[in-house]
Amino acid sequence: MLYFSVPLGKLVRRVSRLRGGGSALPGLVVEKIDPGFMQRTLSTLPLGVAVVSGTNGKTTTTKMVVELLESQGLKVFTNRTGSNFTRGVAAALLGEVDWRGRLDADVAVLELDEAHAVHFVNKVPPRYCLLLNVLRDQLDRFGEIDKTAELLQHIAAKTTGTVVLNREDPRVARIAATLNADTQNTDTQNTDTQNTDTLNGAAAGGPEVRYFGLDDSLLSTFPNDDEMRAAPGSPVPPAPARPGADVVLRRVGADDADFEYDGVTVSTGMKLRGVYNIFNAAAALTLARAITGARGTGTDHAGLLTALSNVAPAFGRGESLVVDGLPLELVLVKNPSGFRLGLKSFPAAGYATMIAINDNYADGRDMSWLWDVEFDTLRDGGVDQLSGSRAYDMALRLQYDDVAIGAVDTDIAAALAAFIRGSKDKPKRIFCTYTAMLAIRRELSKITTVEVVS
Amino acid sequence: MTPAAPETPHGLSFGHELPPEDTPAPSKGSIRVLQLYPRDMNIYGDWGNALVLAQRLRWHGYTPELLEYNVGDEFPAGVDLIVGGGGQDSGQLVIQDDLLSRESVLKELAENGTPMLVICGLYQLFGKFFKTRTGSVIPGIGILDVETHGTDERLIGNVSVASPEFGTVLGYENHSGQTTLGPGVAPLGTTAKGTGNNSSDGQEGARYRNIVASYLHGSLLPKNPALADFLIKTAVERKYGSFTPGTPDDSYAVLARDHAARRPR
Ligand SMILES: [Zn+2]
């Protein structure tokens, strides 16, 4: 089996690529004829496997972790956008291994959707995991948000080395208590960053836990779903006795940010936009520090910061294109918290706005989530164009928030053309669900340069 | 370090704010709408139902007064209309005891004909009991002659209901409890698409006096203005004797219904 599974899988991959097929088939073939392929190949990596999961921000965060590790001279294997399921990982591996099945990499950093991550870690226990957040999303798949949290807990339980948790998301932070990890230093008198010296190798029986966190002054920017009903703009009271964090995001500027780790605060320029992306940079830094720390040759912090300042947004995550000489921004919205953060991070003033809502399987069929988002920030300028299969659900939502609507057209190509024609002299922003974004990018690639994502 | 939260008058709604008023016309009267347990029972956008009631009251020329009742609060007086949503299992556990302690006041309001909309989780708890898969029984407040049994099967997807009172009712269901109706209630309607109360009898929701109970999120009221206006009309007539409707513009609702009805399950 072992002798021919890789060549055969690679062959299927070539054929399926030639036929323009997706990445799943070759993964399926190799899984069927050689079920141990993925585990065997990944187990050869000297620094192991890191899994990135959570509701929002997986793609950008994974991209950041990869670029941070590459800045440290590491060879990183990663899966591509859109293949964040087990079979997609197997398929991506087939593309990277040589004909004898060897993978030339130091570490794998894999973005996995919560449910697929559970299947994956059952097959390949990761050395690291980074759990970003648990938010209302795809409840039509998972049923309940508490169930989604259980999936993340399972990923953490299977992790052998370091579990990196979001200190500010109660459902994620709570996972620490379920692991048999040694508790870390929670003395926060002078600083709330951990002294990592006390942490390395601290785990006795369970994985080590590290947190990434936010400065108190930024907590109100991230209401979790349980706090959604707090008064707008009112501060979210910090949870009592939050544990120390390995990296804390202290401040977010227009194009820079301050991070604190090892007891010092450092400033760095940022190409990423949106507070939530920059919070995920703290997450990526924490994971990258854990991985490079384990290497034993030390961490080049200046190199990490330079890499961080150069990270560009991933596919559709605050991505900026140029149309008619002016920026056109694509903001992916797929759940209430993501939409709320998007509206908060990208103020409407001066921009022409379009919203495109699809309800295909990948978007989620349920439109209820639109009613968990407040659209009052769009009241001043209104929304110029609505589109997508559920454009009229969006129109109805805006009507009830007294937001003026320009035009509605369920056909995305026609709506996009009208939007661009109608707001030639303004920068433009489009909030869109996943499949609506794919359609919009396809149309935009006819008139401007759009990064190809396969 | 962080400034104190602004003082919120007791019982007043906070969280989602209502859009500013722009109708200078004199109000035909005010209607007190109470949200039941919005903190713990507001999953899948059930807030939309409260927002629709408040806005449509305005569009009909009345002044909405939106109140909240959460666990441990004082129960407000003079309530004209009640709306409650669904929650996670954990949310239901949080409110369970408090709800039982409010059984008599809610029963009295229900029997007196106060219009109420209860969705999913609160629909179940307005019934006699919820028996979980493992056999434990969560008592309800028994306003509705219905009982619910937990199952392993989750009923999820778009739903279309034929209702004798409200025409086609559209929404989205996501529940694993299955409800059967006793002789004391009528179904809201029969399902044309989707499952509804349970996977056997093709019925969805329950009607009793002026209570509408349903599994449908979506939110339910935005795309079903006939249902919203029934609740509003009933509340206004009970308080002021008669209801003079305004002229809400429902053209987006009509188009949203058209498109929603054609989407797959
Ligand atoms: Zn429900």
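First the proteins, then the strands, lettered A, B, ... as listed; each starts at 1.
Among the candidates B:Ser251, B:Gly48, B:Pro222, the residue making the largest number of heavy-atom pairs closer than 4.5 Å to chain A is B:Pro222. The candidate from A:Val403, A:Ile405, A:Val408 with the greatest count of non-hydrogen atom pairs under 4.5 Å with chain B is A:Ile405. Taking B:His175, B:Arg257, B:Gln55, B:Glu173 one by one and counting their heavy-atom pairs under 4.5 Å with chain A, the maximum is reached by B:Gln55.
A donor atom on one side chain and an acceptor atom on the other are not found under 3.5 Å apart for B:Ser199 and B:Thr195.
Residue A:Ser389 holds its OG atom at 11.5 Å from CG of A:Asp411, rounded to the nearest 0.5 Å. A distance of 13.0 Å separates OG of B:Ser160 from CZ of B:Arg262, quoted to the nearest 0.5 Å.
With a 4.5 angstrom heavy-atom cutoff, A:Thr410 touches chain B only via side-chain atoms. Residue B:Asp258: no heavy atom, backbone or side chain, is found under 4.5 Å from chain A. Looking at B:Ala260, both its backbone and its side chain come within 4.5 Å of chain A, counting heavy atoms on both sides. Only the backbone of B:Arg265 has a heavy atom closer than 4.5 Å to any heavy atom of chain A. Both the backbone and the side chain of B:His217 come within contact range of chain A, with heavy atoms under 4.5 Å apart.
Among the candidates A:Arg167, A:Arg250, A:Arg251, A:Arg242, the single residue satisfying the salt bridge (charged side-chain N to carboxylate O under 4.0 Å, His left out) test with A:Asp216 is A:Arg242.
Taking the six-membered ring where the residue is Trp, the centroids of A:Phe375 and A:Tyr400 are separated by 6.0 Å or more.
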Carefully, step by step, assess B:Gln124 and B:Tyr215 under the rule side chain to side chain donor-acceptor pair (under 3.5 Å).
CA-CA 9 Å; B:Gln124 296 168 348; B:Tyr215 269 112; 2.9 Å; yes
